[in-house]
Amino acid sequence: MSLYTSFAIAGAGPTIGGRIVKALLERGASVVALTRPSSTSTSSPLLEGAKVVTADYTDVKSVASILREHKVEVVISALAYGALPSQSTIADAAKEAGVKLFVPSEYGMPTEGGKGGHLVIKSQFADYLKSLGIPSLRIYNGMFMEFIPQLTAVDTGKFLVMGKGDASFSATSLDDVSGFIAHVLTSLQPAKLHDATFHIQGERTSLNKIGALYASKNVPVEHVTSLPEGYTKQAFLQGVFDQGRGSSGWDNYADKDVPENADSGNAAWPGHQWKSVKEVLGL
């Protein structure tokens with residue numbers, strides 16, 4: 001079976017979706033960037049060279065027509081949490097258009113066996129793809145390194161840590177995640193991608209270790225019992241990390257971290273030099 005060469009990305013914004021578009025284009029792939037009518041990302045430099053098409057994600061027939069017109073083989077979703085319900089209609093369109101592989105919006109901690117919140121939503125969508133007979137490829141990378149300053153409220157002038165801060169978690173740069181996705185999709189045989197899961201990790205670290213990097217740059221590190229008002233999501237995530245659940249090797253079924261699984265997928269990109277937190281955050 002020949003390698004995949006034609007892709008569509010839903011949610012081609014500047015965080016991860018647009019970077020996946022750019023990485024695929026750099027590998028000579030044909031790429032369609034699906035954007036909603038209200039999107040402000042259509043003129044992004046990351047999409048230069050892609051076919052940018054406005055699509056109503058709720059219109060199955062319309063999306064299917066776009067996918068057929070551009071002979072799309074693989075659909076990649078990079079939709080944010082609030083837009084995840086749209087994945088179901090995009091999947092319906094992919095089924096109608098004969099798409100061969102669907103990469104759902106994961107890009108975080110493992111969701112199989114998850115018992116709450118977005119873990120359940122994402123896991124249920126993977127089950128929905130299976131019910132449609134569409135193979136899926138799931139990517140787990142821990143936390144995006146670029147989001148660590150927001151997680152720790154660095155814009156307050158301090159590096160704030162809830163809990164002990166010594167639990168290990170996985171962190172991977174946006175460019176490494178997008179590059180990995182583009183690499184495996186364009187270099188591995190489809191049989192190795194269908195219903196596969198890759199656990200990747202740029203660096204295994206902890207908030208205390210990262211705090212030491214900030215301290216070396218004269219940013220005070222404080223252990224606190226709560227984060228300032230407006231940091232509700234960050235406080236929740238720090239609680240998750242304090243339990244050790246921030247690892248891309250976390251096993252929801254066994255309810256424990258399996259460190260050797262966290263970077264088990266890295267080998268699929270031989271010779272690649274993964275970026276460190278220090279490098280990405282300029283510390």
Side-chain angles (χ1 to χ4, degrees), residues 1-25 27-44 46-107 111 118 120-139 178 181-182 184-186 190-191 193-197:
M1 189 180 292
S2 59
L3 302 177
Y4 289 133
T5 60
S6 180
F7 305 87
I9 290 85
T15 302
I16 185 64
R19 292 169 191 257
I20 295 173
V21 170
K22 183 174 183 290
L24 284 168
L25 289 169
R27 287 160 175 79
S30 171
V31 183
V32 177
L34 301 175
T35 62
R36 288 176 290 188
S38 59
S39 174
T40 58
S41 303
T42 55
S43 59
S44 169
L46 293 171
L47 307 187
E48 188 174 340
K51 303 160 190 170
V52 181
V53 181
T54 301
D56 178 357
Y57 294 160
T58 66
D59 188 334
V60 173
K61 296 293 184 184
S62 175
V63 175
S65 177
I66 293 169
L67 299 178
R68 277 195 299 267
E69 178 185 349
H70 296 281
K71 298 180 174 59
V72 170
E73 299 167 306
V74 180
V75 169
I76 303 167
S77 171
L79 297 178
Y81 178 76
L84 288 181
S86 295
Q87 285 193 129
S88 296
T89 52
I90 295 172
D92 292 337
K95 174 68 174 179
E96 187 172 318
V99 165
K100 299 174 182 177
L101 178 67
F102 198 112
V103 182
S105 183
E106 293 280 357
Y107 321 121
T111 58
H118 73 285
V120 172
I121 294 172
K122 292 185 174 184
S123 190
Q124 287 176 340
F125 179 67
D127 291 339
Y128 184 63
L129 287 173
K130 188 172 294 186
S131 75
L132 292 176
I134 304 177
S136 67
L137 170 64
R138 300 165 83 172
I139 307 292
S178 56
I181 292 169
V184 297
L185 286 175
T186 58
L193 300 172
H194 290 189
D195 296 321
T197 300

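Every heavy atom of this structure was used, including side-chain atoms; hydrogens, water molecules and symmetry mates were not.
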Worksheet entry | Pairwise side-chain contact, L185 with L101, heavy-atom cut-off 4.5 Å (strictly under) | yes

Worksheet item: Do L3 and T186 have side-chain heavy atoms sitting under 4.5 Å apart?
Response: no

Under the salt bridge (Lys or Arg N to Asp or Glu O under 4.0 Å) rule, what pairs show up with a residue in [range], not counting sequence neighbours?
| range | value |
| --- | --- |
| residues 54-63 | K61-E96 |
| residues 10-24 | R19-D175, K22-E26 |
| residues 75-85 | none |

So which heavy atom on [X] is nearest to which on [Y], and how close?
| X | Y | answer |
| --- | --- | --- |
| K51 | S30 | NZ-OG, 3.2 Å |
| P135 | G133 | CD-O, 3.6 Å |
| A93 | V60 | CB-O, 3.5 Å |
| G18 | L47 | CA-CD2, 4.1 Å |

Any chance you could measure [X], atom [atom1], to [Y], atom [atom2], to the nearest 0.5 Å?
| X | Y | atom1 | atom2 | result |
| --- | --- | --- | --- | --- |
| R138 | T197 | CZ | OG1 | 6.0 Å |
| H194 | L137 | NE2 | CG | 9.0 Å |
| F102 | I134 | CZ | CD1 | 7.0 Å |
| Y107 | I181 | OH | CD1 | 4.5 Å |
| Q124 | L84 | CD | CG | 11.5 Å |

Practice prompt. For residues 126-137, pull every pair meeting side-chain hydrogen bond (donor to acceptor under 3.5 Å, both in side chains), keeping only residues two or more places apart or in separate chains.
Written response: D92-Y128

Expected list for residues 64-81: side-chain donor-acceptor pairs under 3.5 angstrom, two or more places apart:
| residue | atom | partner | partner atom | Å |
| --- | --- | --- | --- | --- |
| E73 | OE1 | T5 | N | 2.8 |
| E73 | OE1 | S6 | N | 3.0 |
| S77 | OG | L79 | N | 3.4 |
| S77 | OG | Q87 | OE1 | 2.8 |

Give the table of side-chain donor-acceptor pairs shorter than 3.5 Å for residues 7-16, with sequence neighbours excluded, one pair per line with atom names and distance.
none

Worksheet item: Between R36 and S86, does any side-chain donor sit less than 3.5 Å from a side-chain acceptor?
Response: no

Practice prompt. Would you check if the side chain of T89 reaches a backbone N or O of Y57 as a donor-acceptor pair within less than 3.5 Å?
Written response: yes

